[in-house]
2 protein chains.
Amino acid sequence: MGISDRKEREKEELKSLILSAAKKLFLQKGIEKTSIRNIADQIEYSPGIIYHYFRDKNEIFHALHQGGFQALMNKMMVLENVRHPLERLKAMGSIYIRFAIENPDMYDLMFIKEAPIDHVYDSEHDDWKEGSGTFDYLRLTVKECLEKGYFQGHQAEPLSFLIWSTVHGMVSLHIRKRCEVIQLEDRATIVDQSLEAFFKILDKI
Amino acid sequence: MGISDRKEREKEELKSLILSAAKKLFLQKGIEKTSIRNIADQIEYSPGIIYHYFRDKNEIFHALHQGGFQALMNKMMVLENVRHPLERLKAMGSIYIRFAIENPDMYDLMFIKEAPIDHVYDSEHDDWKEGSGTFDYLRLTVKECLEKGYFQGHQAEPLSFLIWSTVHGMVSLHIRKRCEVIQLEDRATIVDQSLEAFFKILDKI
DNA sequence: AAATTTAATTAAACAGTGTTTAAAAAAGCA
DNA sequence: TGCTTTTTTAAACACTGTTTAATTAAATTT
């Protein structure tokens, strides 16, 4: 079946061609200003072809956001060398925030925009496996901290969510430009300063 | 000058007519699906008229988000009866989160969407006074806590931002539907549970 | 090799969007 | 009443996501 193999291959190639064009335009102009026609122009096909590979625009951006989780996971891999669970937890926070600040559009897509998550709910497999995988890792580390005697009197699930919320809150206020309320002298460094304060709190509780 | 007084009045009336129509449609269908033509239909005028009262769509939603801050501030007014700064801080958190959960679309507009903040940057008076006013109140309370000896070793600005980030993180993950990662048994109550955990932490540091 | 079937691709249309412009209608003033 | 100013509208522009039927290209069969 050599022919259908090649056809399969060509289909995959065009699909990833669409995806890379979409990613390029998305990082240049944002999700709203990246149109199906823009993507089609970029790959020199007609707009209609895209609907043979993706159900709708949301599915394209869901596929893109998967790539973002892959990238974040890769950055998290250095944590395997950090034995101490509390140290690992802090390092996770630093990596998470660094990823968000360095890739604001991708972070936005992964954790703020409605497009990819809407696609999850619209499709048959209605669980957000990308997010769940990442949160599992956080929960595991928090549980390890609890086992080692840290965070006494706390439960893993709410505490994990609290920690996630804290770092997500900081970067999403930054990305969505709500940090103007911060005094000018602290504005540029507020996320780093607050993360330091957060680490100090984690040591104390 | 009775006539120009009436004209002034009529202008204001039409402006707030546009605004209330916009608000109604926005709460029904969201910002993206509320079109200028929808608003014009609702008030039984032609679409063009709207541009005599607002520069663009963003300005309309900036005006709406101001109303949201007014509503939030009103809810915060009960705090004047809470003397103890740490108790007031916690109550602020509860009110903030309650407001967000009960008015998700308005909260979204105020703290997540780019429309109102884009208008702030596009217009001449480029400071976000609505957000600044609210944050000032938080900072004041945190400072009072510091004066009373709480949160030793922390600075007001980073700590205030950290606290804001924590509550904003929780509700924005909820509003933007990223809470699916939470175990089913905790999912419905995760924000409340995490807020409780946060209060416990605030007591300890 | 030619005819037929299947798959890939496109052009065109639909129903919408925010915004601008020039024309028309209404209101105010002399 | 005639003139001027203000208010309002119709129409156009350049887009948008998506669906449909028609067309082109490729693969298979005769």
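All figures in this text were calculated on a predicted structure; none of them were measured in a lab. Reminder, nothing fancy here: chain letters follow the sequence lines and each chain counts from 1.
- Relative ring orientation between A:His65 and A:His62 is described as tilted, the plane-to-plane angle lying within the 30° to 60° band.
- Rounded to whole Å, the distance from CD1 on A:Ile43 to P on C:dT10 is 9 Å.
- Residue B:Ile60 contributes atom CD1, which lies 9 Å from atom P of C:dG18 at whole-angstrom precision.
- A straight line from CG of B:Asp41 to C1' of D:dT9 spans 14 Å, rounded to a whole angstrom.
- Less than 6.0 angstrom separates the ring centroid of B:Phe69 from the ring centroid of B:Trp128.
- With rounding to whole Å, B:Lys33 atom NZ is found 17 Å from C:dG18 atom C1'.
- With the nearest nucleotide of DNA chain C identified for both B:Glu32 and A:Tyr45, A:Tyr45 has the one nearer the 5' end.
- Of the two residues near DNA chain D, B:Gly48 and A:Ser35, the one whose nearest nucleotide lies more 5' is B:Gly48.
- Two rings, from B:Tyr150 and B:His84, have their centers less than 6.0 Å apart.
- Between A:Tyr53 and B:Lys57, the residue anchored nearer the 5' end of DNA chain C, judged by the nucleotide with its closest heavy atom, is A:Tyr53.
- Spacing between atom NZ of B:Lys11 and atom C1' of C:dA27 amounts to 14 Å, rounded to whole angstrom units.
- Set against D:dT16, C:dT19, C:dT10, the side chain of A:Asn38 has D:dT16 as its closest nucleotide.
- The CD1 atom of B:Ile36 sits 21 Å away from the P atom of D:dA12 (whole-angstrom rounding).
- Checked against a 6.0 Å centroid threshold, the rings of B:Phe54 and B:Phe61 do not count as neighbours.
- Side-chain atoms of B:Arg37 and base atoms of C:dG16 include no donor and acceptor less than 3.5 Å apart.
- Between B:Leu17 atom CG and D:dT8 atom C1' there is a gap of 15 Å when expressed in whole angstrom units.
- Note on B:Leu14: only backbone sugar-phosphate atoms sit closer than 4.0 angstrom, heavy atoms only; bases stay farther off.
- Taking atom CD1 on A:Ile50 and atom C1' on C:dT9, their separation rounds to 12 Å, with Å as the unit.
- Nearest to the side-chain atoms of B:Asp56 among the listed nucleotides D:dT8, C:dT19, C:dT10 stands C:dT19.
- Aromatic pair B:Tyr96/B:Phe111: ring centres closer than 6.0 Å.
- OP1 and OP2 of C:dA8 both lie 4.0 Å or more from every side-chain N or O belonging to A:Tyr51.
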